Enquirer: 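Let me begin by handing over the structure; questions about it come next.
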Amino acid sequence: MAERFGLFIIIIVLGEVVTGVVNGLADTERSTLVTTTGLLGLALGFGFWWNYADLVTRRMPRERGHSLATWVFTHLPMTMAVAAAGAGMVGLVEHATDHRTPASVSWLMAASLAGMLLTTAVLLPTLASSARRSVRRAAP
């Protein structure tokens with residue numbers, strides 16, 4: 001199940017963010033500022049995926065009922081936050097040349113970033129701790 005959730009998050013993250021940036025670039029005149037904004041948006045989306053892949057996908061959830069249920073149900077708001085960031089990328093790239101980004105786009109991007117960070121923080125205690133193996137150095 002953990003593998004399926006990981007695949008779902010990566011498909012949502014990469015698909016929605018890349019689609020949002022491409023749609024934003026398609027609707028505007030391309031300039032250095034617009035292209036840079038699109039690339040930074042892609043970096044933000046890949047950062048979402050990177051944090052999830054580094055912190056969550058390497059470990060299985062605990063097998064206790066409460067931790068497992070929290071682990072499963074926390075993935076829904078996480079996926080919503082990632083999809084919201086992808087949707088916000090369109091407005092962010094479209095308004096890259098404006099003096100100010102519209103408040104709705106700014107709030108959407110801020111809320112999606114906060115949602116991703118909060119759901120990651122909620123997921124971490126539900127994971128089984130990974131046992132560290134000590135590496136012994138061979139005698140010369």
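In this text, all values refer to a predicted model and were calculated from it rather than measured experimentally. We number each residue from 1, following the sequence as shown.
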Enquirer: Applying ring pair (Phe, Tyr, Trp, His ring centres under 6.0 Å), name anything that partners Trp71, two or more places apart in sequence or on another chain.
Expert: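 Residues passing ring pair (Phe, Tyr, Trp, His ring centres under 6.0 Å) with Trp71: Phe5, His75.
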Enquirer: Measuring from Leu7:CG to Ile9:CD1, what's the distance to the nearest 0.5 Å?
Expert: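 With rounding to 0.5 Å, CG (Leu7) is 10.5 Å from CD1 (Ile9).
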Enquirer: Report the distance from atom OG1 of Thr126 to atom CE of Met60, rounding to the nearest 0.5 Å.
Expert: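 That separation rounds to 11.5 Å.
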Enquirer: Under 4.5 Å between any side-chain heavy atoms of Leu113 and Leu44, yes or no?
Expert: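 They are in side-chain contact.
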Enquirer: Considering all heavy atoms of both residues, which atom of Val105 and which atom of Gly88 are nearest to each other, and what is their separation?
Expert: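 Val105 and Gly88 have their closest heavy atoms at CG1-O, 3.8 Å.
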Enquirer: Below 4.5 Å, heavy atoms only, C-beta onward: do Val82 and Met116 meet side chain to side chain?
Expert: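 Touching, per the 4.5 Å side-chain cut-off.
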Enquirer: Which atom names give the shortest non-hydrogen contact between Leu55 and Thr120, and what distance separates them?
Expert: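 It is CD1-CG2, 3.8 Å.
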Enquirer: Quick test of your reading: applying ring-ring contact (aromatic ring centres under 6.0 Å, His included), list the pairs with at least one residue in residues 9-51, sequence neighbours left out, ordered by first then second residue.
Expert: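 Output for this query is empty, none listed.
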Enquirer: So do Met109 and Leu92 actually touch side chain to side chain, heavy atoms under 4.5 Å?
Expert: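 With C-beta onward as the side chain, the pair touches.
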Enquirer: Show the atom names and distances, to 0.1 Å, of all donor-acceptor pairs under 3.5 Å that link a side chain in residues 28-37 to residues at least two apart or in another chain.
Expert:
from: Thr28; atom 1: OG1; to: Gly24; atom 2: O; distance (Å): 3.2
from: Ser31; atom 1: OG; to: Val34; atom 2: N; distance (Å): 3.4
from: Thr35; atom 1: OG1; to: Ser31; atom 2: O; distance (Å): 2.9
from: Thr36; atom 1: OG1; to: Thr32; atom 2: O; distance (Å): 2.7
from: Thr37; atom 1: OG1; to: Leu33; atom 2: O; distance (Å): 2.8

Enquirer: Any idea which heavy atoms bring Thr74 and Thr119 closest together, and the distance?
Expert: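 Minimum heavy-atom separation between Thr74 and Thr119: CG2-O, 3.6 Å.
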Enquirer: In residues 11-20, what donor-acceptor pairs under 3.5 Å come from side-chain atoms, sequence neighbours left out?
Expert:
from: Thr19; atom 1: OG1; to: Gly15; atom 2: O; distance (Å): 2.6

Enquirer: Under a 4.5 Å side-chain heavy-atom rule over Ile, Leu, Val, Met, Phe, Trp and Tyr, are Leu42 and Val93 clustered together?
Expert: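 Yes, because Leu42 and Val93 connect within a single hydrophobic cluster, where side-chain heavy atoms sit under 4.5 Å apart.
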Enquirer: List the residues meeting side chain to side chain donor-acceptor pair (under 3.5 Å) with Trp107, not counting sequence neighbours, and say none if there are none.
Expert: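 Partners of Trp107 under the side chain to side chain donor-acceptor pair (under 3.5 Å) test: none.
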Enquirer: Same cluster or not: are Leu127 and Val72 linked, directly or through other Ile, Leu, Val, Met, Phe, Trp or Tyr residues, by side-chain heavy atoms under 4.5 angstrom apart?
Expert: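 Both belong to a single hydrophobic cluster.
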Enquirer: What are the two closest heavy atoms between Pro61 and Leu68, and how far apart are they?
Expert: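 Where Pro61 meets Leu68 most closely, the heavy atoms are CG-CD1, 3.8 Å.
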Enquirer: Do the side chains of Met78 and Leu123 get nearer than 4.5 Å, heavy atoms only?
Expert: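 Yes; the side chains approach each other to less than 4.5 Å.
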Enquirer: So which pairs with a foot in residues 85-102 pass side chain to side chain donor-acceptor pair (under 3.5 Å), sequence neighbours left out?
Expert: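 Listed by first then second residue: His95-Asp98.
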Enquirer: Where is the tightest heavy-atom contact between Ser112 and Ala81, given as atom of each residue plus distance?
Expert: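 Looks like CB-O, 3.2 Å.
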